[in-house]
Amino acid sequence: QVQLVESGGGLVQPGGSLRLSCAASMYIFSLNAMGWYRQVPGKQRELVAVITTGGRINYGDSGKGRFTLSRDNAKNTVYLQMNSLKPEDTAVYYCYAAYDGGAIDGEHDYWGQGTQVTVSS
């Protein structure tokens, strides 16, 4: 079982920046994947950025060039730096992890509780 705790959301003006944090309950080095999705009110959850084993990062189209995913293995934490925020970035942002139990179990998905990001003047 993997627990994920997000923080860093809040209100920000258009053009501003936020950094989201997600702390995991285990060594994130051992996870198969970790990153962020978001859910716009009334719409489906969508990919923001995910890093997989080997260090490859996949960015969703909406955040490319503005959002950056990073990690601190010593703190078991991943970060999402969001710059040049737009009103359409308003959403609940969810931390995500995939883990296969050290290859002794099938891969399972885990989700944080979500943190609200609101971009408005």
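One distance of note links CZ of Arg66 with OG1 of Thr68; it measures 10.5 Å at 0.5 Å rounding.
Contact detail for Ala24 and Leu4: the closest heavy-atom pair is CB-CD2, 3.8 Å. Of all non-hydrogen atoms in Gly10 and Leu18, the two that sit nearest each other are O-CD1, 4.0 Å. The two residues Val48 and Tyr93 have their closest heavy-atom pair at CG2-CE2, 4.1 Å. Nearest heavy-atom pair across Ala49 and Leu80 is CB-CD1, 4.4 Å. For Leu31 against Ala97, the heavy-atom pair with the smallest separation is CD1-CB, 4.0 Å.
Put simply, the side chain of Thr90 does not reach to within 4.5 Å of the side chain of Val117, judged on heavy atoms. Looking at heavy atoms from C-beta onward, Leu20 lies out of side-chain contact with Tyr79 at the 4.5 angstrom threshold. Side-chain contact between Gln13 and Leu85 is absent, with no heavy-atom pair separated by less than 4.5 Å. For the pair Met26 and Tyr99, the minimum side-chain heavy-atom distance is below 4.5 Å. Counting heavy atoms from C-beta on, the side chains of Glu6 and Tyr94 come closer than 4.5 Å. Within the 4.5 Å cutoff, side-chain heavy atoms of Arg71 are placed close to those of Ile51. Taking 4.5 Å as the limit, every side-chain heavy atom of Val92 sits out of range of all side-chain heavy atoms of Arg38. Counting heavy atoms from C-beta outward, Ser17 and Met82 have side chains that stay 4.5 Å or more apart.
Counting heavy atoms of neighbouring residues, nucleotides and ligands inside a 6.0 Å radius, atom CD of Glu88 exceeds 12 of them.
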From CA spacing to verdict: side-chain contact (heavy atoms from CB on, under 4.5 Å), Trp36, Val78: CA-CA 9 Å; Trp36 295 89; Val78 295; 4.0 Å; yes
Intermediate values then yes/no, side-chain contact (heavy atoms from CB on, under 4.5 Å), Lys75 and Ser21: CA-CA 11 Å; Lys75 297 180 179 179; Ser21 300; over 6 Å; no
Pair Asp109-Trp111, side-chain contact (heavy atoms from CB on, under 4.5 Å): steps then yes or no: CA-CA 7 Å; Asp109 295 338; Trp111 297 95; 4.3 Å; yes
Derivation and outcome, side-chain contact (heavy atoms from CB on, under 4.5 Å), residues Tyr59 and Val50: CA-CA 7 Å; Tyr59 288 99; Val50 170; over 6 Å; no
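Between Asp89 and Lys86 no salt bridge is recorded (no basic side-chain N to carboxylate O distance below 4.0 Å).
Tyr96 and Tyr37 have perpendicular rings, their planes meeting at more than 60° on a 0 to 90° scale where under 30° would count as parallel.
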